[in-house]
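Predicted model only: the values in this text are computed from it and were never measured. Quick note: numbers below take in every heavy atom, side chains included, and nothing from hydrogens, waters or symmetry partners. First listed ligand is number 1; within each ligand, the first listed atom is number 1.
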Amino acid sequence: VLKLALIGFGFVAQGLAEILLHRSDELRANLGFSAQIVAVATRSRGSLYRPDGLVIDELFTAIHQGRLDQYPDVVGLERGWDTMRMIRESSADVVIEATPSNFQTGQPALDYCHAALDAGKHLVMANKGPLVVAYHDLVTHARQAGRQLRFEATVMAGTPTIHVGTSALAGCHISEARGILNGTTNYILTQMESGMSYAEALAQAQKLGYAEADPSADVDGWDAAAKALILAAALFNSQMTLADFSVKGISGITLDNVQSARTRGERWKLVARVTPAGGSVQPVCLPISDPLANVMRATNAVTYTTDHLGDVTLIGPGAGRSQTGFGLLADLLEIHRAG
Ligand code: HSE
């Protein structure tokens, strides 16, 4: 049984918990996989640790009432441990980092990540911040610690972007990755096409759980740039920082721009592009014949340009609760397989 510590219990970690709640029998029967949540630490909604496992239903009941403190008293339950203590002293095998992304410092999550590896725990991330700031340090640390560092959920939610790029296509030379890597902006552009205002479309994207805690990261293009940077580091071992990217968001695109593009048989999309030499994120007006022009709502896509296969395009969810939770599950299954 893989024991899990959840750092952060927002949308994404809840998405994973929900999958574990409903699919554990199937995962055990088909894949021999079983996982148990032993720890949940949040910044403002309490924390719980129970070495024999927490009951997922009860976690949801408690969090829906506002705080994990509502969890019932049971034997062996510890309450109120701070996040660092949870990472260092809990008996978890895997730390799942799912707190909000900070693209400037990566903190406080970056410290949590190093602490998890120091404590001999595998690290699975939904948070892009630490990878954007310190990808190579974290990879080196994980290698030295002999633990796995996995981050499928950080790029295109659970769509297996990292897996395909680094594992399935490992024998290819990839010269470029180009795609739509932000669900919120793609959702906004889609809704504007049917006449919805920018502000209303953004509010909907927030309600659906697509947007970052601070949605300016989405609309200004930095979330897509962060994902492109992670992808470039994983594919090309590139040393780029966000400052090396040329980034432009969608805030300058008007309802009129969107609708007049449509009358010309075109669509505006926020396109991210990385090569070993650099990266960019910018709105591009694509002809409808371009496959990326037909990726709508919170769906994302990436095209890998390769030597052996030519273009390989992956299209799938780019945001969402269970979609991103699934990305975490995919990483846990890899850890289980490596056993
Ligand atoms: N805010 C992100 C998006 C969520 O809209 O794509 C997934 O990383």
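Taking every non-hydrogen atom of G318 and a distance limit under 4.0 Å, the qualifying atoms of ligand 1 come out as 6 (O), 7 (C). In summary, the atoms of ligand 1 found under 4.0 Å from a heavy atom of D218, numbered by their order in the structure, are 1 (N), 2 (C), 3 (C), 5 (O). Residue E212 approaches ligand 1 through these ligand atoms, each under 4.0 Å from one of its heavy atoms: 1 (N), 2 (C), 4 (C), 8 (O).
E152 contributes a side-chain N or O that, together with a main-chain N or O of T161, makes up a donor-acceptor pair within less than 3.5 Å. The backbone N or O of T241 sits less than 3.5 Å from a side-chain atom of D244, completing a donor-acceptor pair.
The nearest protein atom to atom 5 (O) of ligand 1, hydrogens excluded, is given as T184 OG1, 2.6 Å; this is a heavy-atom distance. For atom 8 (O) of ligand 1, the nearest protein heavy atom (residue, atom name, distance) is K128 NZ, 2.8 Å. Looking at atom 6 (O) of ligand 1, its nearest protein heavy atom turns out to be G183 N, 2.7 Å. The closest protein non-hydrogen atom to atom 4 (C) of ligand 1 is Y210 O, 3.1 Å.
The residue among T185, I180, N182 with a heavy atom at the shortest distance from atom 3 (C) of ligand 1 is N182.
Contacts between T154 and ligand 1 below 4.0 angstrom, taking non-hydrogen atoms only, are absent altogether.
Atom OG1 of T184 and atom CG of D218 lie 3.5 Å apart (nearest 0.5 Å). Rounding to the nearest 0.5 angstrom, the gap separating the CG atom in D52 from the CG atom in L77 is 11.0 Å.
Partner of R88 under the side chain to side chain contact (heavy atoms under 4.5 Å, CB included) criterion, out of M84, M86, R85: M84 alone. The side chain to side chain contact (heavy atoms under 4.5 Å, CB included) test with Y71 is passed by exactly one of T61, I63, V55: V55. A side chain to side chain contact (heavy atoms under 4.5 Å, CB included) with F151 is found for exactly one of M125, K128, E97, namely M125.
For K227, a nitrogen or oxygen atom sits less than 3.5 Å from a nitrogen or oxygen atom of ligand 1, counting backbone and side chain alike.
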